[in-house]
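Reviewing the structure listed below.
So you know, we letter chains A, B, ... as the sequences are listed, proteins then strands, and number each from 1. As the structure is a prediction and not an experimental result, all values here were calculated from the model.
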Amino acid sequence: MTNFTTSNGNKERIGVYVCHCGSNIAGTVNVEEVAAWVRTELEGLGVLISRDYKFMCSSLGQELIQNDIKELGLTRIVVGACSPHLHEQTFRTACRRAELNPYLCELVSIREQISWVHTDKDQATEKSKAVIAGGVYRVVHHQPLEPLHVPIHPATLVVGGGIAGIQAALELADAGYPVYIVEREPSIGGHMAQFDKTFPTLDCAACILTPKMVSVGSHPNITLLTWSEVRQVEGYVGNFTVTIQKKARYVNDEFCTGCAICQEKCPKKVIDEIYEAGLGYRKAIYTPFPQAVPKYPVIDRQNCIYFQKGTCKACEKFCPTNAIDFTQEDELVTVNVGNIILATGYDLFDARRVSQYGYGRLANVFTSLEFERLSNAAGPTNGDIVLRDGVTVPKTVGIVHCVGSRDRNFNNYCSVICCMQGLKFAHIVHERTGATVYNFYIDMRTAYKAYDEFYQRVLEEGTLFVRGKVAEITDAARLPGEEGKLIIQVEDTLAGKQRRIPVDMVILSSGLEPRSDAKDLAKLFGISCSADGWLIEKHPKLDPVATMTEGIFIAGSVQGPKDIPTSVAQGAAAAARVLGRIQQGEIAIEPILASVDAEKCSGCRICNGLCPYNAIVFHDDRNVTEINPALCQGCGTCIAACPAGAISGTGFSDTQILAQIDGLLLLNAE
Amino acid sequence: MSINGKPKFAMYWAASCGGCEIAVLNTHEKILDIDTNFEVVFWPIAMDAKYNDVKAMEDKSILLTLFNGGIRNTENEEVANLLRRKSQILVAFGSCASEGCIPGLANLSSLSDIFNASYQSASTVNPDNVAPKTSVSVPEGEIHIPAMFPALRPLDQVVSVDYYMPGCPPESHQISRVIDLVIKVISKEADLPPIGSVIGAGESTVCDECPRHRDVKTIKQFVRVQDIDKINADLCLLEQGIPCNGPASRSGCGALCPKSGAQCIGCYGPAEGVLDFGARMITALASVIESNEPSEIERILEGIPDPVGQFYRFNLANSLLRTGTAAWRNNASLKE
């Protein structure tokens with residue numbers, strides 16, 4: 001019954017600008033033809049001018065639009081170019097400079113949605129005409145809008161206390177702003193705290209990490225919430241409300257001095273699967289390592305004799321400051337922050353999945369993390385490189401690269417760090433045991449500063465390199481000299497022959513994988529992750545630490561495999577982005593909002609439970625639903641759900657969308 | 001104006017059940033106001049008249065025509081065009097003329113299926129295999145009867161319509177209000193609403209007129225009214241799992257059905273500005289289904305065994321799709 005044709009009473013003056021994007025668009029779309037077609041076919045709708053240009057986003061291209069707005073008195077702009085994600089802001093800003101409300105500009109993607117996905121030039125050209133016609137039909141119904149300005153809360157939440165999170169937190173705290181760090185383990189430090197040496201400089205990991213950890217622990221601007229996890233995130237950029245579950249430590253941190261007597265006296269030994277990678281023990285009351293920050297231990301309820309059997313309390317008896325408190329319960333704390341940085345890191349690829357490599361079956365096959373602990377001076381063997389029996393020093397060691405990476409059975413991607421890690425292991429084995437070391441690699445990837453030099457150094461040390469993917473690791477001896485050894489079956493692709501190399505010890509340079517719960521994390525914070533599970537950055541080159549959700553940033557290997565320098569750089573980069581936000585004091589929010597027409601709303605309450613941002617309130621007295629514009633993010637959920645059509649969204653009204661469809665179908669209309 | 005100075009009134013039924021006519025008569029003494037204020041020139045159910053009489057009238061000589069019924073055959077279309085030409089104000093009166101209504105549900109079937117069901121199916125005794133033809137030769141010559149179109153169209157898909165009056169049928173008190181309004185307009189005491197408006201109805205939805213209490217909208221299962229032992233007399237029917245169309249249906253009826261414990265079936269059509277009634281209602285209900293498990297959602301949705309009947313009972317011919325594929329494939333003759 002409603003008339004949705006686009007003919008408007010007082011005709012708009014529309015300018016259409018079709019971009020070549022060099023050959024990005026013009027290679028597949030006949031841009032000149034599209035612009036000419038728009039000029040003649042859409043004149044009746046008010047198109048005054050239709051131009052094509054090599055690079056519309058360039059300053060000359062923008063000036064072209066600005067001049068037309070001024071000279072021709074254009075009232076609506078349609079740009080056919082790249083995705084709005086890339087340049088919508090650019091063209092809106094150009095409109096604003098020419099004193100046209102920026103929201104009267106419509107950016108139509110003819111690159112991502114046409115030229116990059118089609119090969120047939122004629123059809124791509126026709127499709128470009130259709131989508132631009134859709135844009136012209138739509139833009140007629142645009143309304144001038146003004147952005148909302150909301151204040152930015154100066155505090156920041158950093159999720160994950162590894163090196164990336166630590167760096168981000170310190171940058172922000174040093175700049176004078178409050179930071180909350182949430183870490184699910186009892187201590188911050190992350191994977192880096194498990195390492196002995198770091199490539200390529202062979203700095204001791206603890207020597208460079210622990211000072212930063214201590215700074216975090218003692219920083220007046222940092223609130224450290226370890227043994228804690230984020231449970232709920234509400235709000236929006238500038239004003240997030242985050243609910244954090246502080247798991248019960250059963251240790252009162254007001255009294256605990258970190259003297260570690262409790263750990264000494266606790267009678268229950270537990271294999272430490274996390275920090276010691278299963279190679280060492282901890283107690284039921286523990287800090288993962290002596291330099292842990294914070295210094296307060298936690299009681300592992302599942303293994304505590306008191307919690308399981310009802311008696312013991314040795315820790316309580318011996319604690320000199322009465323800090324043990326078995327009555328503690330999990331606690332929910334709520335913090336308000338303006339921005340969030342996610343730095344939750346990675347999981348090590350489970351080498352058991354490559355069953356032919358025998359990890360878990362053959363005792364002397366080790367994972368990279370196990371070797372890190374083995375070689376760590378503070379580790380279970382005090383840094384002695386020995387076989388699983390704890391005493392035998394290996395005479396021959398094989399290091400297998402690309403375990404679980406660059407393998408279509410597991411992960412297609414390169415895990416980035418494994419080559420350098422494998423070289424580091426070769427160096428350490430060589431240095432500490434004098435053993436013969438073989439490295440089995442597919443391609444040696446030693447990009448970045450001083451990495452290849454390190455490779456040369458390891459080569460010169462006498463490590464033997466075999467180029468080829470290891471087929472199998474077995475203890476089944478076939479040839480003389482193989483008895484009691486692990487035999488590495490490999491095709492040496494440089495020598496062009498199959499080889500069987502007997503060794504005493506194998507180290508699997510396992511790849512990195514997204515955290516097993518990465519998808520839950522993405523959902524909790526309302527951002528996207530790739531099919532692999534790595535979180536997706538806003539732009540892979542130009543915006544690597546932002547996400548598509550305003551106010552949520554990512555740093556370190558949560559975004560993809562990364563070495564320490566890159567993780568640190570990303571942590572600092574994310575902090576810089578957040579600082580920029582905080583210093584502006586407020587942020588302009590897109591005025592794309594939903595609103596309820598109270599006359600039409602009958603208070604059916606269908607929409608009431610749907611808002612992900614809790615922006616909907618119901619007024620019982622008036623039987624009417626209302627939307628809080630400061631909380632609304634314009635996601636459109638309630639608009640779609642409203643059976644009465646009483647909710648409408650600025651920028652995405654039914655009229656706009658249906659007009660756009662009319663335009664899209666223009667070429668098909670008889 | 002007629003000879004007696006009164007403006008002319010017409011009412012016509014196309015593809016409809018006749019309920020709209022009854023609803024007009026059901027205004028009781030108000031019918032006398034029509035007679036007092038108008039000269040009734042054409043109203044097949046109430047008085048004898050011939051199409052030729054209407055054809056002979058001057059264009060725009062009828063002030064008000066209430067047109068009920070959808071356009072199902074060539075005769076409906078011809079009269080619609082004729083009355084459009086002769087009338088100053090053409091009202092799509094009732095659900096059939098406004099949005100297709102129950103006859104519009106036949107748009108899901110092809111004409112041959114419709115004829116088969118009517119003339120050939122087991123329920124029909126038709127030993128001579130009689131089937132409708134558009135023309136037949138008799139000794140006196142060729143006789144033509146109207147041809148069916150492959151789909152039913154609401155009035156505004158055939159001619160331009162000035163006002164819409166929803167309802168199956170329109171409530172008599174609403175008809176009275178509209179008659180009063182037109183009489184006031186004639187005596188220059190009121191202005192006509194903007195062309196294209198819906199008249200004789202509210203601007204919100206049935207929920208607005210429904211006294212039932214609303215709480216939390218989450219649906220764990222759909223049930224039919226007849227399958228419930230006792231309906232909570234005060235609680236929103238939808239919240240009791242009864243698929244009530246009230247949230248999407250235009251107000252104006254006074255929420256008669258939900259007040260009596262029966263779900264709203266949507267006879268007053270979509271709310272103002274809503275393009276597709278069924279799509280609105282489907283997205284609304286889908287939004288509040290309380291499960292994220294595909295199999296569980298499937299089970300809940302099975303509680304609506306006839307989605308078209310539930311969501312498009314009145315609106316199919318005016319929905320975005322307008323017809324099912326059967327009629328769509330054969331729509332060549334529907335072109336305007």
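In this structure, chain B has no heavy atom under 4.5 Å from any part of A/Cys638. Residue contact with chain B, scored on non-hydrogen atoms closer than 4.5 Å, involves the backbone of A/Ile639 exclusively. In this structure, the portion of A/Leu610 lying under 4.5 Å from any heavy atom of chain B is its side chain and not its backbone. Proximity to chain B (any heavy atom under 4.5 Å) is shown, for A/Asn608, by neither the backbone nor the side chain. Of the two parts of B/Leu238, only the side chain, counted from C-beta on, holds a non-hydrogen atom closer than 4.5 Å to a non-hydrogen atom of chain A.
Taking CD of B/Glu209 as the reference point, atom OG of B/Ser204 lies at 8.0 Å (rounded to 0.5 Å).
Interface with chain B: from residues 519-531 of chain A, no residue qualifies, criterion being any non-hydrogen pair under 4.5 Å.
With respect to chain A, the highest number of heavy-atom pairs below 4.5 Å among B/Val216, B/Asp215, B/Ile282, B/Ile219 belongs to B/Asp215. Of the residues considered (A/Gly645, A/Ala644, A/Cys601), A/Ala644 shows the highest number of contacts with chain B, using heavy-atom pairs under 4.5 Å. Comparing B/Ala284, B/Ala271, B/Ala279 by heavy-atom pairs within less than 4.5 Å of chain A, the highest count is held by B/Ala284.
When all heavy atoms of B/Cys207 and A/Cys604 are compared, the closest pair comes out as SG-CB, 3.7 Å.
Cation-pi geometry between A/Arg605 and A/Phe618 is satisfied (NZ or CZ under 6.0 Å from the ring centre, within 45° of the ring normal).
Counting only N and O atoms by type, the side chains of A/Glu106 and A/Tyr137 include no donor and acceptor under 3.5 Å apart. Judged purely by distance below 3.5 Å, without hydrogens or angles, the side chains of A/Thr241 and A/Glu234 never pair a donor atom with an acceptor atom. For the residue pair B/Glu99 / B/Asn315, a side-chain donor-acceptor distance below 3.5 Å is found, with atom types taken as modelled. Judged by distance alone, the side chains of B/Asn68 and B/Ser16 do bring a donor and an acceptor atom under 3.5 Å apart. At a cut-off of 3.5 Å, with distance as the only test, no side-chain donor of A/Ser648 or A/Asp654 sits close to an acceptor on the other residue.
Taking a cutoff of 4.0 Å between a charged side-chain nitrogen and a carboxylate oxygen, B/Glu272 and B/Arg250 qualify as a salt bridge.
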Criterion salt bridge (Lys or Arg N to Asp or Glu O under 4.0 Å) on B/Asp162 and B/Arg84, from CA distance to verdict: CA-CA 10 Å; B/Asp162 299 312; B/Arg84 173 69 278 183; 3.1 Å; yes

